[in-house]
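Residue numbers begin at 1 in each chain, while the letters A, B, ... track the order of the sequences.
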Protein chains: 2
Amino acid sequence: MIKITRWLMPLLGALTMLTAALPSYAADTFNWKMVTTWPPNFPIFQTGVVRFAKDVETMSNGRIKIQVFAGGELVPALQTFDAVSQGTIELGHGAAYYWAGKVPAAQFMTAVPFGMTAKAMNAWFYYGDGLKLWQEVYAPFGVVPFPGGNTGVQMGGWFNKKIDSVKDLQGLKMRIPGLGGKVIAKAGGTPVLLAGGEIYTALERKTIDATEWVGPFHDERLGLYRAAQYYYYPGWHEPGTVLEVIVNKKAWDSLPPDLQKIVESAASSLNVTMYAEFEASNNKALRELKEKYKVQILPFPADVLKELHRLTKEVLAEEAGKDPLFKKVYDSFLAFQADNDAWTVVSDDAYSNALKE
Amino acid sequence: MIKITRWLMPLLGALTMLTAALPSYAADTFNWKMVTTWPPNFPIFQTGVVRFAKDVETMSNGRIKIQVFAGGELVPALQTFDAVSQGTIELGHGAAYYWAGKVPAAQFMTAVPFGMTAKAMNAWFYYGDGLKLWQEVYAPFGVVPFPGGNTGVQMGGWFNKKIDSVKDLQGLKMRIPGLGGKVIAKAGGTPVLLAGGEIYTALERKTIDATEWVGPFHDERLGLYRAAQYYYYPGWHEPGTVLEVIVNKKAWDSLPPDLQKIVESAASSLNVTMYAEFEASNNKALRELKEKYKVQILPFPADVLKELHRLTKEVLAEEAGKDPLFKKVYDSFLAFQADNDAWTVVSDDAYSNALKE
């Protein structure tokens, strides 16, 4: 037996040391699926999500593998939240206001009319109560949210007639979802719900008089300039639309701290780079729409914006009256916005004006 | 021998399998130092760097450990770049315009008078030529840069007399470094170089007539309201000051791809969260300065801004004439800014105006 022991002991020792050296996580590999609310290859949105998945896989050295599916490839786009909530899918990317029917307060986490822009939304999320409230809003559904992108200020939309005064909104059939739609209804218009793929035909056939979509880059791509000739700004209804990375709570809890931080960091990184890609892409399209396609790019008249702003306050107050959670988030949102707007007057606004001197 | 073999074979097999399962990186641990240009515990700046270091350590599960040192703790603040370039230190955090004496083109990577704001700088870095040019500018020094924070639009500074016209700049002794200082000199003033710790006393003893620093949050903390009563906006000389994470090239190359991506992602994350913290902190201080300390918060007159803008173009053209690399970066910067400014007119600017209707 002596010979066996002499060989065996160092080997057993080496085995024990190796096992100890092996990081505790190394054994766990996570093969996750991620579904989104975007069409396949949808630029900036879906391509950003693919970048996120790749970043997570690289940072985790393959311990998290994410298979990304566009809307409809695995589940319908608007079932993204449900799929992640139920845990059939671990990860999702979309926009919180799509889930307004389930939880109205979610709308503040994407965009509300005359609400905060990208810089203020991020300040509210990361250094105000924003993200904490978002987690509270999604907790009953077992979903963990992260800010994961921003479109910047959107455009006001495409119109087949000029909007010269508040009267021109009366009877207007406009594709505009959510709170913006409620404001248009209050102004005497008719909000219409249409999926992205149906917009062009409806506008071209005059089933609708107007539509909002995203911004110059995506609007040009959808060919909307062939269906309407007036392109209005600014996007009063979506001043800094936040996209979200959502994670099933049980899947999230199953990750060790290093992998949790990797997912969180990849989402923050996507948050800043997606916004950057929008800012880098919109002006070229805007110029083409103006110069190549002879679109009339017009500002909403001041009195129209003033009236829409007034009606927005009515709509938000009504929603707050119906739902205590909506009111709780609205109060936090309003206070933070008032604070940031006051700072913006002496910073970004004053600087933008200075540039024009 | 048969008995030995019977015991040994499965053990050897297990050993081989374990060695194969052990990720290739697990053996490498990196004990890195990080120096900064900031005072110890300097809020938002230094505290952000500490957060970055912790994020990297968490994401790498301790495979990168970063010891953070404030300016002067290990090397003087303004030797941060040299220390990282020489490789005595692996990581640094500061602002590229501090290295203008070494490489003038670096100034575009932080802030130039009447240049781009945070959103446009990020668009230029991530989806324009910005980061590529930054890498080119730092390559001769063996330093790899990443955007790692933004102050947002700064304030114009503290003055012990009113600035009613361009004439009031003549003879003005103002603490304002870099390109902003060159513009003030052209306007007939005298730019003075002072470290942060010397500013208060110089202003209080009237050795200088004026100073710029950061924004309300940091300016209040430095007590500048006790030394001058006029606080001007906007910060025409620093409209979106970018902070940097810098890595020694050899240290960077020694990292496996997963750890490289972790450092890069932590820097992007710091980039968005540091800006968010500034946006969340400035207004409270602004309000206190106004209400509690009775500071007069005033806009620069339009003709003063117009003249400073004109002189800025002269200064930048002169610098471009002296240095081809400066010119190359300036051309890219100018083109990108013109493009983004045109988009900003119909997006952020129009929306800010709409909010005021």
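By number of non-hydrogen pairs under 4.5 angstrom with chain B, the leading residue of A:Pro299, A:Pro239, A:Gly215 is A:Pro239. Interface check for chain A: of the options B:Glu307, B:Glu277, B:Lys306, the most heavy-atom pairs under 4.5 Å are formed by B:Glu277. Note on A:Leu305, A:Asn122, A:Val272: by heavy-atom pairs under 4.5 Å with chain B, the leading option is A:Val272. Across B:Asp55, B:Leu270, B:Thr117, the residue that shares the most heavy-atom pairs under 4.5 angstrom with chain A is B:Asp55. Here A:Asn283 is the residue among A:Ile297, A:Thr344, A:Asn283 with the most heavy-atom pairs under 4.5 Å with chain B. When each of B:Ser265, B:Ser268, B:Ala118 is checked for heavy-atom pairs under 4.5 Å with chain A, B:Ser265 comes out on top. Of the residues considered (B:Gly152, B:Pro216, B:Gly62, B:Gly156), B:Pro216 shows the highest number of contacts with chain A, using heavy-atom pairs under 4.5 Å.
For B:Lys284 and A:Asp339, the salt-bridge test fails: no basic side-chain N is under 4.0 Å from an acidic carboxylate O.
Residues B:Gln260 and A:Thr58 form no side-chain contact, since every pair of their non-hydrogen atoms from C-beta on lies 4.5 Å or further apart. Side-chain contact between B:Lys261 and A:Asn61 is absent, with no heavy atoms from C-beta onward closer than 4.5 Å. The closest side-chain heavy-atom distance from A:Glu357 to B:Leu308 is not below 4.5 Å. Residues A:Asp348 and B:Asp348 form no side-chain contact, since every pair of their non-hydrogen atoms from C-beta on lies 4.5 Å or further apart. The closest side-chain heavy-atom distance from B:Phe114 to A:Tyr351 is below 4.5 Å. Using a 4.5 Å cut-off on side-chain heavy atoms (C-beta onward), B:Thr273 and A:Tyr127 make contact.
Note: B:Ile262 CD1 to A:Ile262 CD1 = 4.5 Å, rounded to the nearest 0.5 Å. With rounding to the nearest 0.5 angstrom, the CH2 atom of A:Trp343 is 9.5 Å from the CZ atom of B:Phe278.
In the model, A:Asp349 has a side-chain atom that pairs as donor or acceptor with a side-chain atom of B:Ser352 under 3.5 Å. No side-chain donor-acceptor contact under 3.5 Å links A:Ser269 and B:Ser269.
Residue B:Glu238: no heavy atom, backbone or side chain, is found under 4.5 Å from chain A. Contacts between A:Asn353 and chain B at a heavy-atom distance below 4.5 Å are absent for every atom of the residue. With a threshold of 4.5 angstrom between heavy atoms, A:Met121 does not approach chain B through any atom at all. Heavy-atom distances place no part of B:Asp303 under 4.5 Å from chain A, backbone and side chain included. Looking at B:Arg287, only its side chain comes within 4.5 Å of chain A, counting heavy atoms on both sides. With a threshold of 4.5 angstrom between heavy atoms, B:Tyr275 approaches chain A through side-chain atoms but not through N, CA, C or O. Within the 4.5 angstrom heavy-atom criterion, only side-chain atoms of B:Tyr126, from C-beta onward, approach chain A. For B:Phe336, the part lying near chain A is the side chain, with the backbone staying farther off; criterion is any non-hydrogen pair under 4.5 Å. With a 4.5 angstrom heavy-atom cutoff, A:Leu286 touches chain B only via side-chain atoms.
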Apply side chain to side chain donor-acceptor pair (under 3.5 Å) to B:Glu279 and A:Asn340, showing your working. CA-CA 7 Å; B:Glu279 283 296 316; A:Asn340 193 266; 3.0 Å; yes

Any chance you could lay out the side-chain contact (heavy atoms from CB on, under 4.5 Å) test for A:Asn150 and B:Lys119, step after step, and finish with the verdict? CA-CA 11 Å; A:Asn150 200 300; B:Lys119 67 162 194 159; over 6 Å; no

Could you go through the side-chain contact (heavy atoms from CB on, under 4.5 Å) check for B:Met59 and A:Asp258 one step at a time? CA-CA 4 Å; B:Met59 285 194 272; A:Asp258 57 332; 5.7 Å; no

For a side-chain contact (heavy atoms from CB on, under 4.5 Å) check, start with the C-alpha distance between A:Val345 and B:Lys356, then their side-chain angles and the critical distance, and finish with the verdict. CA-CA 10 Å; A:Val345 168; B:Lys356 289 168 193 128; 4.1 Å; yes

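Here the shortest heavy-atom pairing between A:Ala123 and B:Ala280 reads CB-N, 4.0 Å.
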